[in-house]
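Position 1 is the first residue of the sequence, and the numbers go up from there. Just so it is clear, the model here is predicted, and its values are computed rather than measured.
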Amino acid sequence: MNANAARLAFNEKRETRLAPLPIAALAMSCLIAASSAGISAYACDTPELRSTPDNGATLILTPKECGALTAPESAASSNLPWVKPYTFWHQCINAHEHITDFLVTPGDYTSWGRLDVYERNGTPERKRVIRYWGPMQDVHPTRRVETNPAYEAIISGFSFGNAHHWILHGLSLHRPEPAQFAGFIGYSGAGVGSSHVIVDSILLENSSNYGIRISAASDSCIQNSVLRNPVLGISDKPGIQLKPLPIVGPTQGNHIVNNEIVNFTDGIALTNYTPTQPGTLDGTVIAGNDLYVTPDYLASQQDGRAGCTENGIDIKVGSSEPSRPVLVDNNRIWGQRVMKYCNGTADAVVVHFFARNVQLRRNTIFDVPLGITSKIFPDSSPTTRNLVIEDNVLYGIRAFRSDSPFPTHDAAAMSLQTPEIVRNNTFSHIDKLFSGDVKDTVVAASIFSGNKLTAIRDLSHVPSGFFMNNQVWDSPPSAWACQ
């Protein structure tokens with residue numbers, strides 16, 4: 001595949017229409033070939049969406065009715081998904097225990113309140129499904145509404161509390177009700193959490209706070225979805241947040257796959273429970289996502305007076321064991337910027353606080369002021385913390401403002417403040433390999449091997465022996481190609 005064909009193939013698979021990406025032609029064909037390989041293995045399988053629903057176990061919903069139940073014209077909303085009285089969605093689902101497929105015809109369902117699934121389950125053999133059912137039902141909602149705005153089913157938010165084996169597919173959230181998070185998968189009340197919940201191919205935009213939170217939920221997926229353009233505000237607004245809740249139950253084995261997350265403070269955040277009880281996120285997979293900030297949204301933030309931009313992926317908690325690491329694989333991250341009146345340093349990926357057993361593999365990072373940052377961890381051994389940075393491509397990283405609020409933490413591929421394992425990466429057309437706030441002792445204790453560097457202006461802090469185990473060119477070799 002040549003560079004132009006690869007670029008077209010990549011842009012075609014996104015749900016919104018993007019201009020061609022400014023990645024160097026030397027790497028493009030390798031990047032796209034890699035990005036298309038292996039992602040499907042991380043996605044949750046949804047055979048229920050590929051089969052014809054059983055007429056005896058289906059219910060067709062309209063904005064005015066759920067079977068024999070008449071929908072309200074308006075609904076009282078709650079700031080928290082577990083607060084009673086439960087919504088009309090909750091009543092609808094509870095009244096139809098035998099239904100496996102809730103087929104949601106086009107229309108506005110926001111008067112039903114939050115789509116609340118509480119202590120109701122499918123089975124491992126047959127998940128229960130809530131899905132859009134109408135014209136172009138096999139097309140993503142971002143594309144459907146381009147064809148005809150009437151081709152969508154609109155909800156005000158969703159929550160799965162102590163619920164297991166469900167699929168939510170093809171619905172739209174255009175301005176979710178004001179709540180801490182527009183979507184939620186996890187616990188409710190005194191429950192022990194959720195599992196095997198799949199949120200697939202939704203459109204979520206204009207949320208006032210978080211996009212989706214997973215907490216006390218396991219083996220669930222958010223996939224093939226578009227989350228974009230939260231309402232401006234200086235509070236922290238991750239697109240998707242995973243937060244352990246050890247006092248309730250595990251949060252493990254969750255997959256965030258093939259989503260487009262646009263203009264959130266953090267695209268994806270892995271957040272500790274408390275400073276003294278951080279929790280773990282064993283087996284988390286973040287793969288095949290596009291996490292970016294657009295120039296017009298950056299301008300609207302008024303240099304931090306109206307909104308903040310922080311990280312593509314913010315990792316504050318990892319896994320408890322190397323055999324089930326937090327895996328960040330094959331994502332594309334770009335567009336973050338430092339805001340003068342914000343605390344964020346606009347790293348594409350930052351690993352800090354309690355994070356250990358983290359693998360950053362095959363990611364593409366470009367057009368950011370700093371690529372990958374690892375901050376202080378109690379043990380300074382790279383094998384104990386077990387952060388592995390390998391097979392990534394970092395390109396076009398530079399200072400974007402002359403008055404940088406963080407002058408030593410800018411314009412660099414990496415800021416390693418603890419020793420790490422860095423191997424088989426490509427670094428190209430970057431101001432500095434290491435940021436000015438690294439210590440030579442930390443870099444010397446890191447492990448570097450098999451990396452390729454070209455057009456790096458500043459190689460300060462490179463440790464002794466680096467050039468024996470890594471390749472460095474002033475400009476890309478003409479024979480540089482996929483191996």
Whether the side chain of [X] engages the backbone of [Y] through a donor-acceptor N/O pair (distance < 3.5 Å, no angle test) should be reported.
X	Y	result
Asn424	Asp391	no
Ser215	Lys243	yes
Asn311	Asp347	yes
Tyr151	Arg143	no
Thr309	Arg337	no
Gln223	Cys44	yes
Ser156	Gly113	yes
Lys237	Val231	yes
Asn392	Asn363	yes
Asn254	Ser220	yes

Shortest non-hydrogen contact from [X] to [Y]?
X	Y	answer
Glu205	Pro176	O-CD, 3.4 Å
Asn209	Phe264	O-CE2, 4.3 Å
Ser194	Gly161	OG-C, 3.7 Å
Gly279	Pro246	CA-CG, 4.3 Å
Phe354	Asn272	CE1-ND2, 3.6 Å
Gln137	His169	O-NE2, 4.3 Å

Just verifying a value: how many Å separate [X] [atom1] and [Y] [atom2], rounded to the nearest 0.5 Å?
X	Y	atom1	atom2	answer
Phe448	Arg423	CZ	CZ	13.0 Å
Cys308	Asp266	SG	CG	10.5 Å
Met339	Gln302	CE	CD	10.5 Å
Asn258	Asn224	CG	CG	5.0 Å
Ile397	Leu370	CD1	CG	7.0 Å
Asp437	Asp410	CG	CG	10.0 Å

Checking His409 now: which residues fulfil ring-ring contact (aromatic ring centres under 6.0 Å, His included) with it, not counting sequence neighbours?
none

Exercise: do [X] and [Y] side chains pair donor with acceptor under 3.5 Å:
X	Y	result
Thr294	Asn263	yes
Ser188	Asn162	no
Arg324	Ser319	no

Would you mind reporting whether [Y] and [X] have side-chain heavy atoms less than 4.5 Å apart?
X	Y	result
Val317	Pro244	yes
His352	Lys316	yes
Ile315	Val358	yes
Leu242	Ile256	yes
Trp89	Tyr109	yes
Ser201	Tyr132	no
Asp314	Pro238	no
Val117	Arg128	no

Under 4.0 Å between a Lys/Arg side-chain N and an Asp/Glu carboxylate O for [X] and [Y]?
X	Y	value
Asp329	Arg362	yes
Arg385	Glu420	yes
Asp138	Arg144	no
Asp303	Arg401	yes

Result of checking [options] against [X] for side-chain contact (heavy atoms from CB on, under 4.5 Å):
X	options	value
Thr418	Ser374, Ser446, Pro382	Ser374
Pro141	Leu171, Leu203, Val226	Leu203
Leu168	Asp200, Leu115, Ile198, Ile222	Leu115

Pair Thr408-Ser435, side-chain contact (heavy atoms from CB on, under 4.5 Å): steps then yes or no:
CA-CA 6 Å; Thr408 63; Ser435 61; over 6 Å; no

Which of Tyr395, Trp334, Tyr292 passes ring-ring contact (aromatic ring centres under 6.0 Å, His included) with Phe366? It is Trp334

Yes or no on side-chain contact (heavy atoms from CB on, under 4.5 Å) for Leu232 and Gln301, after CA distance, side-chain angles and deciding distance?
CA-CA 7 Å; Leu232 278 171; Gln301 292 179 317; 3.8 Å; yes

Step-by-step ring pair (Phe, Tyr, Trp, His ring centres under 6.0 Å) determination, His164 to His196:
CA-CA 6 Å; His164 307 273; His196 300 93; 7.8 Å; no

Just checking Asp458: does its CG atom have more than 12 heavy atoms from other residues, nucleotides or ligands closer to it than 6.0 angstrom?
yes

Do Val422 and Leu416 pass the side-chain contact (heavy atoms from CB on, under 4.5 Å) test, and can you show the C-alpha distance, the side-chain angles, and the key distance before you say yes or no?
CA-CA 10 Å; Val422 183; Leu416 303 184; 4.2 Å; yes

Test: Arg213 cationic atom under 6.0 Å from Phe181 six-membered ring centre, within 45° of axis:
no

Evaluation steps, side-chain contact (heavy atoms from CB on, under 4.5 Å), between Val350 and Lys375
CA-CA 8 Å; Val350 59; Lys375 294 186 178 179; 4.1 Å; yes

Going by the side-chain hydrogen bond (donor to acceptor under 3.5 Å, both in side chains) test, name the single residue among Thr364, Asp290, Asn289 that passes it with Arg332.
Asp290

